[in-house]
Amino acid sequence: MATTDVPDGTVRNILDQDTLKWVFVGGKGGVGKTTCSSILSILLAQVRSSVLIISTDPAHNLSDAFQQRFTKTPTLVNGFSNLYAMEVDPNVENDDIGGSEGMDSLFSELANAIPGIDEAMSFAEMLKLVQTMDYSCIVFDTAPTGHTLRLLQFPSTLEKGLQKVMSLKSKFGGLIGQMTRLFGIDDEFGEDAILGRLEGMKDVIEQVNKQFKDPDLTTFVCVCIPEFLSLYETERLVQELTKFEIDTHNIIINQVLYDEEDVESKLLKARMRMQQKYLDQFYMLYDDFNITKLPLLPQEVTGVEALRALSSHFTSPYQPSTSRSAVEDLERRISTLKLQLEHAEAELDRLQNGKQKV
């Protein structure tokens with residue numbers, strides 16, 4: 001199936017779905033997730049009352065994309081009245097959890113004993129914070145695929161962690177009580193408080209997890225480039241999302257080379273052929289998805305104006321500049337050939353003059 005037979009998709013379906021609460025943007029590292037999530041949040045801010053974009057990638061790029069410093073507190077993006085951004089550290093610090101020092105010490109030890117639970121608790125704390133805020137839509141700029149899949153596993157991670165602690169309590173209930181007193185922890189900060197803390201976080205995660213599995217409330221946008229590794233990673237991500245029952249029906253293919261009228265580079269033409277092979281595979285594998293293609297640009301996309309300029313390709317397919325008439329096209333080619341001939345003649349004169357001097 002050639003991509004020319006398939007109409008290019010857009011992200012209008014996401015903008016039109018006014019029930020959406022959570023929009024995840026993910027994919028392999030270096031494919032342009034932050035740029036795409038930033039533009040999506042700008043477009044959503046045009047149709048929603050308030051939008052929050054959150055970066056959960058340890059190597060935050062939101063500040064670079066918007067050319068504005070963001071922290072773990074939601075900050076209004078310059079030039080907007082209803083778009084906010086925040087950068088969250090996925091690894092929670094003990095002093096961020098709060099509570100008494102003795103309890104935090106024991107709580108931290110418990111957290112470290114259960115793989116992945118520290119990240120899960122951090123995510124739960126962040127979701128708890130976000131739920132107290134009144135945002136119409138929340139966009140997640142996620143870390144590369146592996147981290148994103150861990151994030152989606154957090155509900156089961158917390159559940160397993162809680163089961164482990166509960167089994168410990170049933171086996172060593174009295175001992176845990178003695179230990180908490182030994183650590184100098186009051187009864188109000190004993191094992192019941194620790195279990196209550198985990199239960200509270202598990203409740204938040206479970207409540208949000210139900211929303212994540214509701215296609216009316218949540219969708220996942222996969223970002224990729226037309227290369228083998230990115231195609232493979234996207235397929236893995238889509239399979240995992242299906243397993244987690246999370247809706248996904250949008251793919252953004254970034255850095256696409258188009259056959260513009262003045263491209264004569266053999267290297268670019270070879271890359272175009274290679275990309276076309278993978279584009280065909282994307283359209284074949286995801287024939288029921290909205291596939292948005294974005295052109296490879298000669299410059300980086302940073303700053304609100306640059307993001308706004310690129311946003312037009314999210315709502316209407318990019319059209320390469322091949323709209324000139326046959327006469328104009330021939331005139332352009334003749335002009336290019338004349339210029340190349342002049343350069344060649346100048347180079348020949350230079351070489352001949354050099355020979356005469358020798």
A.B. asks: Does the T142 side chain pair with the main chain of V25, one donor and one acceptor, at a distance under 3.5 Å?
C.D. replies: yes
A.B. asks: Where the side chain of S50 meets the backbone of D134, is there a donor-acceptor pair that is under 3.5 Å apart?
C.D. replies: yes
A.B. asks: Taking the side chain from T34 and the backbone from L62, do they hold a donor-acceptor pair closer than 3.5 Å?
C.D. replies: no
A.B. asks: Could you go step by step and tell me if D64 and E300 meet the side-chain contact (heavy atoms from CB on, under 4.5 Å) rule?
C.D. replies: CA-CA 11 Å; D64 298 323; E300 286 183 303; over 6 Å; no
A.B. asks: Assess, by modelled atom type and distance only, whether the side chains of Q275 and Y258 contain a donor and an acceptor separated by less than 3.5 Å.
C.D. replies: no
A.B. asks: Determine whether the side chains of T219 and D247 contain a donor N or O and an acceptor N or O closer than 3.5 Å.
C.D. replies: yes
A.B. asks: Is there a donor-acceptor pair under 3.5 Å between the side chain of Q17 and the backbone N or O of P215?
C.D. replies: yes
A.B. asks: Less than 4.5 Å apart, any side-chain heavy atom of S41 and any of F66?
C.D. replies: yes
A.B. asks: Measure the shortest side-chain to side-chain distance between L237 and L241 over non-hydrogen atoms and say whether it is less than 4.5 angstrom.
C.D. replies: yes
A.B. asks: Using the test salt bridge (charged side-chain N to carboxylate O under 4.0 Å, His left out), find all partners of R236 that sit at least two apart in sequence or belong to another chain.
C.D. replies: E233
A.B. asks: Under the side-chain contact (heavy atoms from CB on, under 4.5 Å) rule, what do R48 and L20 come out as? Steps first, then yes or no, please.
C.D. replies: CA-CA 10 Å; R48 295 299 195 91; L20 277 178; 3.6 Å; yes
A.B. asks: Report the relative orientation of the aromatic rings in F24 and F220; use parallel for angles under 30°, tilted for 30 to 60°, perpendicular for over 60°.
C.D. replies: parallel
A.B. asks: Can you tell me how far CZ of F282 sits from CD1 of I291, rounded to the nearest 0.5 angstrom?
C.D. replies: 8.0 Å
A.B. asks: Is the shortest heavy-atom distance from the side chain of L285 to the side chain of L231 under 4.5 Å?
C.D. replies: yes
A.B. asks: Test your reading of the model: is there a side-chain donor-acceptor pair from N290 to the backbone of N250, 3.5 Å cut-off?
C.D. replies: no
A.B. asks: Could you tell me whether a side-chain N or O of S63 sits under 3.5 Å from a main-chain N or O of F70, the two making a donor and an acceptor?
C.D. replies: yes
A.B. asks: If we ignore hydrogens and angles and just use 3.5 Å, is the side chain of E227 paired with the main-chain N or O of Y278 as donor and acceptor?
C.D. replies: no
A.B. asks: Look only at the side chain of T248 and the backbone of V238, and say whether a donor-acceptor pair between them is shorter than 3.5 Å.
C.D. replies: no
A.B. asks: Taking the six-membered ring of F80, is the NZ or CZ of R308 close enough (under 6.0 Å from the centre) and on axis enough (within 45°)?
C.D. replies: yes
A.B. asks: Could you work out, with side chain to side chain contact (heavy atoms under 4.5 Å, CB included) as the rule, every residue matching K21, not counting sequence neighbours?
C.D. replies: I138, Q211, L217
A.B. asks: Measure the CD1-SG distance between I251 and C224 for me, rounded to the nearest 0.5 Å.
C.D. replies: 6.0 Å
A.B. asks: Is there side-chain contact between C222 and F289, with at least one heavy-atom pair below 4.5 Å?
C.D. replies: no
A.B. asks: Please name all residues satisfying salt bridge (charged side-chain N to carboxylate O under 4.0 Å, His left out) with E345, sequence neighbours left out, ordered by chain then number.
C.D. replies: none
A.B. asks: Indicate the atoms forming the closest heavy-atom contact of K33 with G27, along with that distance.
C.D. replies: CD-N, 3.1 Å
A.B. asks: Apply side chain to side chain donor-acceptor pair (under 3.5 Å) to the pair D280 and Q276, showing each step before the final yes or no.
C.D. replies: CA-CA 6 Å; D280 289 343; Q276 189 59 50; 3.0 Å; yes
A.B. asks: Between T234 (side chain) and S230 (backbone), is there a donor-acceptor pair under 3.5 Å?
C.D. replies: yes
A.B. asks: So F228 and Y232, would you call those rings parallel, tilted or perpendicular, with 30° and 60° as cut-offs?
C.D. replies: parallel
A.B. asks: Can you find a pair of side-chain heavy atoms, one from L294 and one from C36, that are under 4.5 Å apart?
C.D. replies: yes
